[in-house]
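Single-structure report; data block below.
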Amino acid sequence: MSGQAIVTGAAGGLGRQIAARLGEAGHRLLLVDLDQAVAETACELQNTGASAGAVVADLTHDDGAAAVATAVREQGGSIAVLVNNAGITRDARVKNMEEADFAAVIAVNLVAAMRLTLALEPLFADGGAIVNMSSRASLGNFGQANYVTSKSGLVGFTRALALRWAPRIRVNAVAPSLVDTPMTQAMPPEVLEKLVARIPAGRIGTPEDVAELVSFLSSPEAGYVTGQVVLACGGRSLAA
Amino acid sequence: MAVPLIVSQPTAELDSVTEVLTAAFADVKAAVLVERPVVVLIHDGDLLGQGEVVAASVAAGLLGLVRALALEGAKAGWRVNAVSHRGDEDARSARDIAEWLAGSDLSGQLIRVGTAHLGKVWP
């Protein structure tokens, strides 16, 4: 199925790669981000031959979701794919974690995805697919109580929406572990080395690894898969 | 032994999800920092997404919170667990198990009451 593919958090490294892969699959792209750099990302993808528009929107408010819906209507056609990728971190140990930082992460990573998805329901094509970007951390992680709660909440949202919107729309989640993005590149090398040592695959994940999985789950080839969480973590979720 | 904090899954609308999860975090944080055991009661159907989408998101979020705090507080001896159940017929068993869990040294556990979860995914 071609048609519009919406990717949130598309100005970031992972979102951009997901968008690029969906563009290669023949989708017309609508890139969404709070960061105005999303317009440049759209231009870059256009230069590769993709059809790409951009919306700068704050998805923590109804206005943001409404702006995306308006852009979908303006581009014409219905939504084939929605990837809820936008997310933030505000890491701290529990004793130092402020309620405001906990709330901010829940608002962006979980509630904004829910708000956008529910607002777009009438615009989905039959046979459409949603991929929510959860995280291996949803199973538990140190110093990320807010992030873990948000990404675990996204798993619940995925399951419930999959049941509620079946058989018209499939809903799945991808749960990556450490992925090579500017955020991880900014980590101290010795810290990164220790983290990679705990990944059975022996390497950090790439945005391409994740984008390929998102593309598959969005495609008709995954037509019998809904309500599932697929871990893309190099085996990290099993290792001691 | 400190009196355990037993947290029931709060109801929420979309616009209150952030508020209820943040309130749960604040309550659980306050408890663990004074070594008070915590058990969160969750509706098992919500963990599988069988109810409303908001309830499912809150339920799964709470389970994530339990796991995060149990992991972070493992060395400090924080005891944070979850019990899921299906409602009235299992509620008493769930409460009994919650009280037993609170008095144990276990942490990071999810105990599912009833049999309706059999054959389904583990959340």
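A note on names: the letters A, B, ... follow the listed sequences, proteins ahead of strands, and every chain is numbered from 1. For the numbers below, each heavy atom of this structure counts, side chains included, while hydrogens, waters and symmetry mates do not. All figures in this text were calculated on a predicted structure; none of them were measured in a lab.
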For the student: nearest non-hydrogen atoms of A160(A) and G51(B), plus distance: CB-O, 4.3 Å
Which of G227(A), G153(A), S138(A) touches chain B most, by non-hydrogen pairs under 4.5 Å: G153(A)
Using a cut-off of 6.0 Å, state whether more than 12 heavy atoms not belonging to D105(B) lie near its atom CG. no
Side chain to side chain contact (heavy atoms under 4.5 Å, CB included) for F25(B) and V94(A)? Distances and angles first, verdict last. CA-CA 9 Å; F25(B) 166 72; V94(A) 167; 4.2 Å; yes
Is any NZ, NE, NH1 or NH2 atom of the basic residue among R164(A) and E52(B) found under 4.0 Å from an Asp or Glu carboxylate oxygen of the other? yes
Under the criterion side chain to side chain contact (heavy atoms under 4.5 Å, CB included), I'd like the reasoning laid out for L21(B) against F102(A): C-alpha separation, chi angles, the key distance, then a yes or no. CA-CA 9 Å; L21(B) 287 175; F102(A) 188 95; 4.3 Å; yes
Check whether L161(A) gets within reach of chain B through its side chain, its backbone, both or neither, counting any heavy atom under 4.5 Å. both
Nearest 0.5 Å, what's the CG-OG1 distance between L63(B) and T149(A)? 9.5 Å
Hey, is CZ on R95(B) packed in by over 12 heavy atoms from elsewhere, all under 6.0 Å? no
Taking atom OG1 of T18(B) and atom CG of N109(A), what is their separation to the nearest 0.5 Å? 10.0 Å
Segment of V121(B) engaging chain A (4.5 angstrom heavy-atom cut-off): side chain
Identify which of S57(B), G64(B), A68(B) forms the greatest number of heavy-atom pairs closer than 4.5 Å to chain A. S57(B)
So do R115(A) and D15(B) actually touch side chain to side chain, heavy atoms under 4.5 Å? yes
Within a 6.0 Å radius of atom CZ on R92(B), are there more than 12 heavy atoms belonging to other residues, nucleotides or ligands? no
Looking only at heavy atoms, the pair that brings V53(B) and M114(A) closest together is O-CE, 4.3 Å
Does the E72(B) side chain pair with the main chain of A145(A), one donor and one acceptor, at a distance under 3.5 Å? no
Rounded at 0.5 Å granularity, tell me how far CG in D46(B) sits from CZ in R159(A). 12.0 Å
Roughly how far, to the nearest 0.5 Å, is OG1 of T22(B) from CD of E98(A)? 12.5 Å
Give a yes or no on this: more than 12 heavy atoms of other residues, nucleotides or ligands lie within 6.0 Å of atom CD of Q109(B). yes
Tell me, side chain or backbone of L65(B) under 4.5 Å from chain A's heavy atoms, or both, or neither? both
Can a donor-acceptor pair be found, under 3.5 Å and without considering hydrogens, that links the side chain of S152(A) to the backbone of A60(B)? yes
Can you tell which part of L48(B) gets under 4.5 Å to a heavy atom of chain A, answering side chain, backbone, both or neither? backbone
Most heavy-atom pairs under 4.5 angstrom with chain A, which of V58(B), L69(B), L14(B), V17(B)? L14(B)
Taking every heavy atom of M97(A) against every heavy atom of K29(B), the minimum-distance pair comes out as O-NZ, 2.9 Å
Determine whether more than 12 heavy atoms belonging to other residues, nucleotides or ligands lie under 6.0 Å from atom CD of E13(B). no
